[in-house]
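Okay, so here's the structure we're looking at.
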Amino acid sequence: MPPAESPHPSSVSAHFREQAGYCRHLGSAFTAALCEVMAHDLEAGGVVASLVGDWTGNPLKDALALRLCGALHYAVLTNASPELKGVYPKFESDWDMGKVWPHARSYLSENESAVKVFIQSPPQTNETRRSIALLPGFLKIAAQFDKPLNLLELGASAGLNQNWDQFNYQTASWSRSGNSSVMVDTDWHGPAPDHLDIEINVAKRAACDQNPLNIQDADAATRLRAYTWPDQPKRLARFDAAVDLARRMKTQVEKADAAEWLKKQLAQRPEGMTTVVYHSVFLQYPPADVIGEIMTSIETAGINTSDNAPLAWLCFEPEGLFTGSRASPRMITRLQTWPGGDASIFGYSDGHATVFNANEQ
């Protein structure tokens, strides 16, 4: 388990209840109810207490509740528990936690060792909807520099968002077509992005993750799908389409530490291209010294940028990383470009980009 001070069990159960609130806010009543019933079981000294009651890391930062939810969904997707599969959601509302939990509890009890192994790895949703929050920045970069793009994604998981330029984007007020069956939508407020019709020319794609999932591997794809909440069929369909696209594009992610990998990539960025460092809901997870190292590497590279090899840093991350206001729950889309070092904010949203509030640019 993660090396850290051991929390009091009540802090673990409090995390499960807090996660339930997040899930409910993000449109998954099922996952919210599952987190709540697991909190009850933990407090009662049940199987959840055996599995995670002595968790030695930070349960919130480790997304502990989602690890356990993922283990159960994985059992459903692999038919490891036909009984549980029979009562899990097939559509948005056809579930009854009173029927689900007894089978879930039995599965956890009978497979405790396997579940403990499963939850050692952090959840990786690789949420493709976040690409619609990044899109205004990508369009601005393409228009501002008019050069082929050299894409570098940090914390890329299985790399599904490397193919953002191939996605279709749809809101009530604007749309953009891509070369795939991936449809990304959101409840968009404010002005449409500028340069919606611009042609995107991606010359190179590269990405890294400490624990990349090989999307060509069927079991790895199933594990990734398990972290997508089961009562959200539209989100699951988008995930499936993004996996199909990634396999067609032969998407790859290097296993590497982000700070070290980025330094190497920035040192050899090509002339005649715009290098774009980008990431989404990643930078909050590394230790503080690593976050600082990543930021310093980008800013240092920016100082030495030429007009023939511009640099852009585009991210969708917690507002507090840039403002120091840790109390803010918002994710912001931020772009900084060099030469010049100009920075701008395109808007803000929640972690899944279910609603995006765009700024005037």
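Throughout, residue positions are numbered sequentially from 1 according to the sequence presented.
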Nearest heavy-atom neighbours spanning Gln162 and Glu153
CG-OE1, 3.5 Å
In the structure I gave you, are the side-chain heavy atoms of Arg129 and Arg238 within less than 4.5 Å of one another anywhere?
yes
Determine whether the side chains of Glu317 and His279 contain a donor N or O and an acceptor N or O closer than 3.5 Å.
yes
Between the side chain of Asn161 and the main-chain N/O of Glu127, is any donor-acceptor distance below 3.5 Å?
yes
Can you tell me which residue among Phe30, Trp101, Trp229 is in a ring pair (Phe, Tyr, Trp, His ring centres under 6.0 Å) with Trp95?
Phe30
Is there a donor-acceptor pair closer than 3.5 Å between any side-chain N or O of Gln232 and the backbone N or O of Gly27?
yes
Has Glu271 got more than 12 heavy atoms of other residues, nucleotides or ligands less than 6.0 Å from its CD?
yes
Are any side-chain N or O atoms of Asn357 and backbone N or O atoms of Gly347, one a donor and one an acceptor, separated by less than 3.5 Å?
no
Any heavy-atom pair between the side chains of Arg223 and Ser121 that's under 4.5 Å?
yes
Heavy-atom closest contact (Ala312 atom, Leu335 atom, distance):
CB-CD1, 4.1 Å
Donor-acceptor pairs are to be reported for all side-chain atoms of residues 283-295 against protein atoms at under 3.5 Å, with residues two or more places apart or in another chain.
from   : atom 1 : to     : atom 2 : distance (Å)
Glu293 : OE2    : Lys263 : NZ     : 2.8

More than 12 heavy atoms of other groups within 6.0 Å of Asn79 CG:
yes
Which pairs count as salt bridge (Lys or Arg N to Asp or Glu O under 4.0 Å) when at least one residue sits in residues 187-209, sequence neighbours excluded?
Asp165-Arg205
For a 4.5 angstrom cut-off between non-hydrogen side-chain atoms, does Pro310 reach Pro339?
yes
What is the distance from atom NE2 of His15 to atom OH of Tyr22, rounded to the nearest 0.5 Å?
9.5 Å
Decide, yes or no, whether a salt bridge links Glu83 with Lys99 under the criterion of side-chain N to carboxylate O below 4.0 Å.
no
For the side chain of Asp217 and the backbone of Ala220, is there at least one donor-acceptor N/O pair under 3.5 Å apart?
yes
Please report the closest heavy-atom contact between Val182 and Ser180, naming both atoms and the distance.
N-OG, 3.1 Å
In this structure, which one of Phe316, Tyr278, Tyr169 forms a ring pair (Phe, Tyr, Trp, His ring centres under 6.0 Å) with Phe138?
Tyr278
Treat each ILVMFWY residue as a node, draw an edge where side-chain heavy atoms are under 4.5 Å apart, and state whether Val281 and Trp164 are in one component.
yes
Using modelled atom types and a 3.5 Å cut-off, is there a donor and acceptor pairing between side-chain atoms of Gln265 and backbone atoms of Val277?
no
May I ask you to test the Val52-Ile119 pair for a side-chain heavy-atom distance under 4.5 Å?
yes
Pairing of Glu112 and Lys116 as salt bridge, 4.0 angstrom limit
yes
Before giving the answer on salt bridge (Lys or Arg N to Asp or Glu O under 4.0 Å), spell out for Glu254 and Lys264 the whole-Å C-alpha distance, their side-chain angles and the decisive distance to 0.1 Å.
CA-CA 13 Å; Glu254 294 181 52; Lys264 179 180 177 181; 5.9 Å; no
For Ala156 and Ala207 the tightest heavy-atom approach is CB-CB, 3.5 Å
Could you state the interatomic distance from CG (Leu321) to CZ (Phe282), rounded to the nearest 0.5 Å?
10.5 Å
From Asp240 atom CG to Arg235 atom CZ, the distance as rounded to the nearest 0.5 Å:
12.0 Å
Would you please test Arg17 and Glu43 for salt bridge (Lys or Arg N to Asp or Glu O under 4.0 Å) and show each step?
CA-CA 12 Å; Arg17 296 185 191 284; Glu43 292 162 351; 2.6 Å; yes
Distance-only donor-acceptor check, side chains Ser157 and Gln124, under 3.5 Å:
yes
Of Thr305, Thr275, Asn150, Thr274, which meets side-chain hydrogen bond (donor to acceptor under 3.5 Å, both in side chains) against Arg269?
Thr305
Can you check whether Val76 reaches Pro230 side chain to side chain, under 4.5 Å on heavy atoms?
no
Only one of Val253, Asp244, Leu224, Leu245 clears side-chain contact (heavy atoms from CB on, under 4.5 Å) with Ile215; which?
Leu224
Hey, does Cys315 have a side-chain heavy atom less than 4.5 Å from the side chain of Phe322?
yes
Kindly determine whether Asp350 and Arg330 satisfy salt bridge (Lys or Arg N to Asp or Glu O under 4.0 Å), including the steps that lead there.
CA-CA 6 Å; Asp350 56 56; Arg330 304 193 305 185; over 6 Å; no
Is Glu36 salt-bridged to Arg24, going by a charged N under 4.0 Å from an acidic O?
yes
Separation between CE of Met273 and CG of Asn308, rounded to the nearest 0.5 Å:
10.5 Å
Ignoring hydrogens, what is the shortest heavy-atom contact between Val355 and Thr186? Give both atom names and the distance.
N-OG1, 3.5 Å
Any chain of hydrophobic side-chain contacts (each under 4.5 Å) joining Leu154 to Leu134?
no
Do Ile200 and Phe145 sit in one hydrophobic cluster, given that two such residues count as connected whenever their side-chain heavy atoms are within less than 4.5 Å of each other, even indirectly?
yes
Does the pair Asp185/Lys234 count as a salt bridge with the N-to-O cut at 4.0 Å?
yes
Give the intermediate values and the outcome of side-chain hydrogen bond (donor to acceptor under 3.5 Å, both in side chains) for residues Asp94 and Tyr88.
CA-CA 8 Å; Asp94 64 333; Tyr88 243 58; over 6 Å; no
His73 side chain to Thr228 main-chain N or O, any donor-acceptor pair under 3.5 Å?
yes
Side chain of Ser131, backbone of Thr128: donor and acceptor closer than 3.5 Å?
yes
Does Trp313 have Arg334 sitting over its ring (NZ/CZ under 6.0 Å from centre, angle to axis within 45°)?
yes
Flag, side chain of His103 to backbone of Leu84, donor-acceptor distance under 3.5 Å
no
I need the Ser280 OG to Met331 CE distance, nearest 0.5 Å.
9.5 Å
Between Leu160 and Tyr227, is there a shared hydrophobic cluster once you connect ILVMFWY residues whose side-chain heavy atoms come closer than 4.5 Å?
no
Determine yes or no for a side-chain-to-main-chain donor-acceptor pair under 3.5 angstrom, with Asp62 supplying the side chain and Asn58 the backbone.
yes
Would you mind reporting whether Ser93 and Asp231 have side-chain heavy atoms less than 4.5 Å apart?
no
Test your reading of the model: is there a side-chain donor-acceptor pair from Ser13 to the backbone of Ala39, 3.5 Å cut-off?
no
Quick check on the hydrophobic clustering: are Leu149 and Trp338 connected, directly or via other members, by side-chain heavy-atom contacts under 4.5 Å?
no
Hey, are the side chains of Val115 and Tyr107 touching, using non-hydrogen atoms and a 4.5 Å cut-off?
yes
Non-hydrogen atoms of Cys69 and Met38 that approach each other most closely:
SG-CE, 3.6 Å
Rounded distance (nearest 0.5 Å) linking atom CG of Leu72 with atom CZ of Arg105
12.5 Å
